[in-house]
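Below is one structure; the comments refer to it alone.
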Amino acid sequence: MNTILNNLREKLNNIFAKFDIDESVQISISKITDFDIQINNLVKYKNHKSIEEIKNHLLKELDKSEYFSSVEFSDKLFINLKFNLINLAKNIDNSKKDFAVNKREKLILDYGGPNIGKPLHVGHLRSLNIGRSLYNMNKFIGNEVKSDIHLGDWGMPIAQIITYIEKNNLDIQTLKVSDLESIYPLSSKEYLNDEKFQEKAKEINKKLNTDDDETISKWKIIKDVSLVEIKKNLSELGHSFDYWFGESDVNSLIPDMLENLIEEDKVEYDESALVSKENIEPKVLITKSDGSYLYITTDLATIIYREKHIPFDKIFYIVDSRQSLHFRQLFSSAKYFEFNNLNFEHVGFGTLNDENGNPFKTREGGTKPLIELFSETYKYIYKINQNLEDKTIKQLTNTVLTYSDLLTNRKTNYKFDLKKFTNISGKTGIYIQYAQVRAKNLFQIANNNNSLELSDEIGNIESELLSKIFLFGYYLERSIEMSEPHHLADYLYELSNLFNIFYEDEKILNIEDEKIKNSKLYITKLFLETCHNVMFCLGVEPVNEM
RNA sequence: GCGCCUGUAGCUUAACUGGAUAGAGCAUCUGACUUCGGAUCAGAGGGUUGGGGGUUCGAAUCCCUCCAGGCGUGCCA
């Protein structure tokens with residue numbers, strides 16, 4: 001489809017250019033029921049002196065295309081196009097080859113970002129889901145993608161934990177994750193309330209930064225213990241990463257980086273903190289007044305690290321929108337400091353709130369661990385169907401946790417709603433799984449995989465379903481271009497819905513006319529393949545039973 | 001104070017970035033040969049797109065203003 005859309009755009013753009021119309025063709029979904037796609041550019045050129053000639057050129061070009069069976073110019077000059085489904089079916093099966101990019105790009109996706117010592121909590125869900133989806137979509141079209149989890153494994157929080165352990169004489173050798181998880185909130189609380197504790201923690205933070213052996217070995221134990229748990233949870237949730245780099249990995253680059261910046265006169269001291277000399281408001285603080293590092297210090301070093309070790313064309317940061325100022329400063333500073341590669345995008349998403357729109361907190365005051373949400377959803381599904389394999393229930397659980405999350409535009413504020421995540425009727429992960437299970441079963445029973453062909457006579461619901469199937473590329477393109485998986489998520493519902501209607505319309509296996517039956521099975525097959533590709537792009541695994 | 005963002009049906013939301021009659025799901029009500037798997041399908045009601053003004057062929061979308069809310073803002077990440 002992308003090849004088709006791109007082809008169409010290219011040809012029509014040439015015609016536009018011939019008549020000095022300086023804009024590119026915009027293709028969108030048709031709002032007229034009898035048509036599939038529409039082009040709106042011409043509407044504003046109604047009074048163009050050569051409008052008739054432009055129309056003729058366009059019409060001639062569109063008539064030539066084997067992928068459209070009819071073309072219509074409305075009064076207002078909307079151009080409506082109807083698919084030639086037979087010809088499309090001959091050439092398109094919605095597999096990777098139909099969407100492969102001409103030039104592969106090297107992309108880094110920075111998402112997840114768990115902190116050592118803390119369990120994954122519901123606030124990590126969006127970053128993980130969106131990140132994985134962007135990863136898979138780009139993989140699907142052939143880009144070279146690498147994911148980096150970007151661990152929060154350095155700095156003050158870790159120093160606080162070590163301080164707490166030392167102060168209370170805890171045995172670090174026998175430290176368990178559960179201990180760590182209870183220490184974390186206690187230590188940060190003491191840091192805020194106890195001046196002595198604070199001083200000690202700062203001292204330890206300094207020891208970390210100067211590679212003090214004893215402190216480093218403590219840090220290692222904490223990191224190892226915590227990482228085992230994080231990896232276990234992530235794998236349960238169906239996430240994997242190419243790189244597990246953290247803030248600690250870039251720490252050693254910072255002194256040189258700062259030295260260079262000072263030498264190049266890009267930064268200056270202000271109240272003994274390093275501040276960028278870039279002329280923007282607010283000023284960008286690069287280090288604290290005691291010389292220790294900030295969020296942006298490590299993030300800048302991370303860019304340097306990645307340029308060295310993971311060459312990239314672009315980095316995506318999939319992080320909460322509240323941090324947009326940080327990323328604006330980061331990107332702008334990287335440019336001002338003349339780092340080489342300057343292609344960055346902050347893929348932000350709404351703030352995590354509870355059902356009432358207040359900042360999310362559990363009764364105990366913390367955030368809900370992600371794995372708790374997983375097991376609650378698991379139990380809920382198990383109750384409905386106890387005959388399913390454990391593997392299937394887990395797949396369904398992850399489908400629910402992924403699909404309901406991706407369905408909403410990432411920019412809107414994020415209401416964490418348990419009902420929404422466990423809901424199994426309507427536009428949900430359960431619904432889309434059910435549709436493809438039905439299709440799969442149909443095939444098993446039909447037991448006829450060969451010689452399937454689309455018949456010349458296509459009924460209404462069949463052509464509606466086919467049109468939708470051939471629009472996959474359109475939604476894929478949109479989702480990738482805007483880093484917004486919700487277009488594909490919604491498309492998957494529409495696709496599944498049309499399939500269910502098609503399925504209920506007539507019992508396919510009872511059809512006596514082999515030609516028609518095969519044609520319907522052909523459509524089913526096309527649906528199934530498309531559906532699975534969309535699911536891959538969203539990070540959802542199709543189940544085999546329900 | 002300054003900056004950024006949001007406001008669409010009772011609820012959750014979509015709208016191809018300025019295009020045709022604002023489209024869905026939930027909830028509510030009504031209905032479907034007891035099935036190639038009913039976790040489905042068909043139908044109904046529900047909208048002054050927060051209010052007001054402007055820009056133009058055309059506005060949920062752009063501009064102004066007011067209202068309501070959220071977030072961020074030099075030593076957390």
Exercise. In whole angstrom, give me the gap between the C1' atoms of B:G37 and B:U21.
Key: 38 Å
Quiz item: Over how many whole Å does the gap from A:R410 atom CZ to B:A14 atom C1' extend?
Solution: 16 Å
Could you write out each protein N or O paired with an N or O of nucleotides 74-77 of chain B at a distance under 3.5 Å?
residue : atom : partner : partner atom : Å
B:G74   : O6   : A:D270  : OD2          : 3.0
B:G74   : N1   : A:D270  : OD2          : 2.6
B:G74   : N2   : A:D270  : O            : 3.0
B:C75   : O2   : A:S289  : N            : 2.7
B:C75   : O2   : A:S289  : OG           : 3.3
B:C75   : N3   : A:S289  : N            : 3.4
B:C75   : N3   : A:S289  : OG           : 3.1
B:C76   : OP2  : A:K288  : NZ           : 3.0
B:A77   : OP2  : A:Y295  : N            : 3.2
B:A77   : O3'  : A:E247  : OE2          : 2.6

Exercise. Identify whether any heavy atom of A:E477 sits under 4.0 Å from a base atom; if not, whether one sits that close to sugar-phosphate; answer base, sugar-phosphate or nothing.
Key: nothing
Quiz item: Which range-with-range stems can be found for RNA chain B when each stem has 3 or more Watson-Crick or G-U pairs in a row and both distances sit under 3.5 Å?
Solution: B:1-7 with B:67-73, B:10-13 with B:23-26, B:28-32 with B:40-44, B:50-54 with B:62-66
Exercise. Indicate, with a heavy-atom threshold strictly under 4.0 Å, whether A:I445 touches base, sugar-phosphate, or nothing.
Key: sugar-phosphate
Practice problem: Check A:L294, A:L274, A:V275 against A:I286 for a side-chain contact (heavy atoms from CB on, under 4.5 Å) and give me the one that passes. | Solution: A:L274
Quiz item: Quantified in whole Å, what is the P atom distance between nucleotide B:C63 and nucleotide B:G18?
Solution: 10 Å
Practice problem: In whole angstrom, give me the gap between the P atoms of B:U55 and B:C64. | Solution: 15 Å
Quiz item: Contact class for A:Q26 (heavy atom, under 4.0 Å): base, sugar-phosphate, or nothing?
Solution: sugar-phosphate
Pairs: protein N or O with nucleotides 27-34 of chain B N or O, under 3.5 Å:
none

Quiz prompt | d(CG, A:N500; C1', B:A39) in whole Å | solution = 10 Å
Practice problem: Indicate, with a heavy-atom threshold strictly under 4.0 Å, whether A:Y493 touches base, sugar-phosphate, or nothing. | Solution: sugar-phosphate
Quiz item: How is A:I501 classified with respect to the nucleic acid when contacts are heavy atoms under 4.0 Å: base, sugar-phosphate, or nothing?
Solution: sugar-phosphate
Exercise. Quote, to the nearest angstrom, the C1' distance that separates B:A42 from B:G50.
Key: 36 Å
Quiz item: Can you list, by residue number, the residues of residues 379-387 of chain A that have a non-hydrogen atom closer than 4.0 angstrom to RNA chain B?
Solution: A:N385
Exercise. Mind checking A:K46 for me? I need base, sugar-phosphate or nothing, with any heavy atom below 4.0 Å counting as a touch.
Key: nothing
Quiz item: Taking the same atom, C1', in B:G3 and in B:A44, what whole-Å distance lies between them?
Solution: 48 Å
Quiz item: Residues in salt bridge (charged side-chain N to carboxylate O under 4.0 Å, His left out) with A:K468, at least two apart?
Solution: A:E494
Self-check item: Quiz item: A:N441 side-chain donor-acceptor pair to B:G37 base, under 3.5 Å
Solution: yes
Self-check item: Inter-nucleotide C1' distance (B:A14, B:A60), Å rounded
Solution: 11 Å
Quiz item: When rounded to the nearest Å, what value does the distance between C1' atoms of B:A15 and B:A22 take?
Solution: 7 Å
Quiz item: Is A:E52 salt-bridged to A:K46, cutoff N-O under 4.0 Å?
Solution: no
Quiz item: Looking only at heavy atoms, what is the nearest atom pair of A:W219 and A:D153, with distance?
Solution: NE1-O, 2.8 Å
Exercise. With heavy atoms under 4.0 Å as the rule, sort A:N497 into base, sugar-phosphate or nothing.
Key: sugar-phosphate
Practice problem: Could you note down all residue pairs passing ring pair (Phe, Tyr, Trp, His ring centres under 6.0 Å) where residues 271-302 of chain A supplies at least one of them, sequence neighbours left out? | Solution: A:Y295-A:H326
Quiz item: Hey, is A:K82 close enough to A:D34 for a salt bridge, meaning N to O under 4.0 Å?
Solution: no
Practice problem: Indicate yes or no for a side-chain donor-acceptor contact from A:S226 to the backbone of A:K223 under 3.5 Å, with no hydrogens or angles considered. | Solution: no
Quiz item: What is the distance from OH of A:Y403 to C1' of B:U12, rounded to the nearest Å?
Solution: 14 Å
Quiz item: Across the strands shown, which category fits A:V437 at heavy-atom distances under 4.0 angstrom: base, sugar-phosphate, nothing?
Solution: base
Exercise. Take atom C1' in B:C33 and the same atom in B:U40, then report the distance between them in whole Å.
Key: 15 Å
